Amino acid sequence: MTIKAVRGFKDILPDDSLRWVTAEDVARGIFETCGLKEIRTPILEKTEVFARGIGEHTDIVEKEMYTFTDRNGESVTLRPEATAGIIRAVIEHKLYGKASMLKLFTMGPMFRHERPQKGRLRQFHQINCEYLGSQAPLADAEVIWMAWKVLTSLVTSSELLLQINSLGCPKCRPLHRADLQLCLKNLAPKLCPDCRRRAKSNPLRVFDCKNEECKRILASAPLVKHYLCPECSIHLGKVLDILEAFGVPFVQNPYLVRGLDYYVRTTFEIVSPDLGAQSTVAAGGRYDGLVKALGGPDLPGVGMAIGVERLLLLMDIQECRLETNLFVAALGNEAREEVLPLVKELREEGIVVEMTYEEKGLKAQMKQANRLGASHVLIIGDKEIEEEKAVLRDMKTKEQQEISFKEIIPLLKDLFAGE
RNA sequence: GUGGGCGUAGCUCAGCUGGUUAGAGCGUCGGGUUGUGGCCCCGAAGGUCGUGAGUUCGAAUCUCAUCGCUCACCCCA
């Protein structure tokens with residue numbers, strides 16, 4: 001039996017890696033134009049970072065974390081999301097003192113022990129950004145715009161839908177929550193078992209129920225948007241205005257809830273119908289109390305996360321491979337040795353050069369050159385070495401020319417200059 | 001954690017109601033051209049039929065168990 005990767009952990013194979021780099025580069029470029037700086041925090045944190053950050057009673061903390069005690073007896077966990085760790089780092093290094101506002105991004109693996117399925121892995125990757133220190137609606141809008149921009153830059157064939165909602169703030173949310181719980185208590189007998197459970201643990205989640213019967217019953221339940229205080233209401237309005245000014249299409253979804261406890265006010269999700277059951281490619285929102293909850297100053301924040309695997313699922317499948325510029329076909333062991341310094345020099349000039357590692361006939365080497373997509377082949381055998389000339393073949397036109405050894409470097413350098 | 005579907009060559013898959021040495025296409029390697037690629041022709045390598053047990057004269061095929069993958073529930077990026 002061959003050894004396989006751990007369940008839910010996937011290898012990123014050579015054929016895919018260029019698409020990963022493309023996605024990461026596009027995101028990085030967009031973030032940099034907005035003035036964000038990259039931060040890289042450890043994959044492992046003390047468990048309390050997440051317990052306090054995400055919320056003790058969330059599914060993530062209760063049953064999905066990779067938690068274990070290390071050799072010192074301390075409880076540590078593989079990060080299930082990025083925000084809590086970043087905030088821990090910001091507090092630890094007092095980064096908040098250095099600028100009025102922190103704009104950070106990161107990308108890397110996250111870990112959650114869930115049952116794998118389409119678009120869901122136990123090790124998955126996110127591209128995250130966090131704005132710390134501003135309550136301005138512009139901060140929310142900019143974060144949302146960046147998520148939208150990254151996705152639409154990479155995905156063309158799929159319908160992306162941006163949904164937005166406001167969850168209210170500590171002032172207005174409790175009023176809604178109380179009314180909702182009261183309402184759910186009355187409706188409980190008619191609801192599905194899942195909803196009855198949610199009614200107690202996380203009442204807002206009942207609105208996510210897919211049960212048609214529950215949906216009908218809950219249509220009359222109180223919505224957050226009717227409880228928003230004037231400040232929250234104005235905030236949401238401004239965020240939406242800015243998005244409109246940015247030309248980002250969106251719909252409001254009064255039922256949109258987030259799974260993590262720390263969200264307040266703005267929450268958003270970008271979904272695609274092409275992803276199967278996990279339709280969310282990117283999501284985020286405002287988390288004004290989080291920095292304080294983790295022991296830092298009372299800094300407001302907004303952030304978002306893009307699921308990289310899900311994004312790649314939506315990217316148009318295209319074979320990305322690095323083209324070989326030149327294939328050096330050396331005939332015989334003497335010629336092979338003779339040619340090595342030349343190969344090295346060409347590579348130092350930035351030309352992508354390949355040759356065989358074993359001795360092979362010319363035919364086999366031509367075949368390989370063709371497979372590698374080399375535009376030119378440089379043929380060097382005993383005859384060429386004797387005459388200090390090489391044969392350069394253009395693979396497209398099939399034209400061949402003899403060039404003296406001395407001319408090789410400048411000529412090829414010139415030939416591949418534009419590429 | 002619960003349920004459905006699926007495990008045959010590197011990849012995509014055939015293999016009918018059990019019947020001898022398990023097949024195809026693609027890919028790889030070699031030959032047809034002892035120094036010239038794509039197309040064509042020929043050939044070769046490559047398989048504990050996921051694993052284990054059971055039924056049977058005989059199992060890739062039927063039964064059970066187990067592992068893995070996958071989709072969905074739950075939840076989330």
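Keep in mind that what you see is a predicted model, and the values were worked out from it rather than measured. Order of the sequence lines fixes the chain letters, A, B, ..., with proteins taken first and strands second; residue numbering starts at 1 for each chain.
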OP1 or OP2 of [N] under 4.0 Å from side-chain N/O of [X]:
X        : N      : answer
A:Arg371 : B:rU28 : yes
A:Gln278 : B:rA77 : no
A:Lys10  : B:rU70 : yes
A:Arg120 : B:rC73 : no

TODO: Give, ordered by number, those residues of residues 28-51 of chain A having at least one heavy-atom distance below 4.0 Å to an atom of RNA chain B; if nothing qualifies, reply none.
DONE: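 Contacts with RNA chain B under 4.0 Å: none.
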Task: Pairs satisfying salt bridge (charged side-chain N to carboxylate O under 4.0 Å, His left out), at least one member in residues 386-410 of chain A, at least two apart - done: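 Output for this query lists A:Lys389-A:Glu402.
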Open item on the list: When you measure only distances, ignoring hydrogens and angles, does the side chain of A:Arg115 come within 3.5 Å of the base of B:rC73 through a donor and an acceptor?
Closed with: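 Result: no qualifying N/O pair found.
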Task: Distance between C1' atoms of B:rU2 and B:rG19 (Å, rounded) - done: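 B:rU2 and B:rG19 have their C1' atoms separated by 41 Å.
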Sort me out a list of protein N/O and nucleotides 38-41 of chain B N/O pairs below 3.5 Å, or just none if empty.
unit_1 : atom_1 : unit_2   : atom_2 : d
B:rG38 : O4'    : A:Asn370 : ND2    : 3.1
B:rG38 : O6     : A:Lys398 : NZ     : 3.3

How would you label the contact of [X] with the nucleic acid (heavy atoms, under 4.0 Å): base, sugar-phosphate, or nothing?
X        : result
A:Glu358 : nothing
A:Ile127 : nothing
A:Ala282 : sugar-phosphate

- [ ] Could you name each residue pair satisfying ring-ring contact (aromatic ring centres under 6.0 Å, His included) that touches residues 11-46 of chain A, not counting sequence neighbours?
- [x]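 Every pair satisfying ring-ring contact (aromatic ring centres under 6.0 Å, His included) with a residue in residues 11-46 of chain A: A:Trp20-A:His125, A:Phe31-A:Phe105.
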Task: Stem list, RNA chain B (Watson-Crick or G-U pairing under 3.5 Å, at least 3 consecutive pairs) - done: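 Paired runs of 3+ in RNA chain B: B:1-7 with B:67-73, B:10-13 with B:23-26, B:28-32 with B:40-44, B:50-54 with B:62-66.
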Open item on the list: Return a single string for nucleotides 7-12 of chain B, one symbol per nucleotide in 5' to 3' order, where B is base contact, S is sugar-phosphate-only contact and - is none, cutoff 4.0 angstrom on heavy atoms.
Closed with: ------
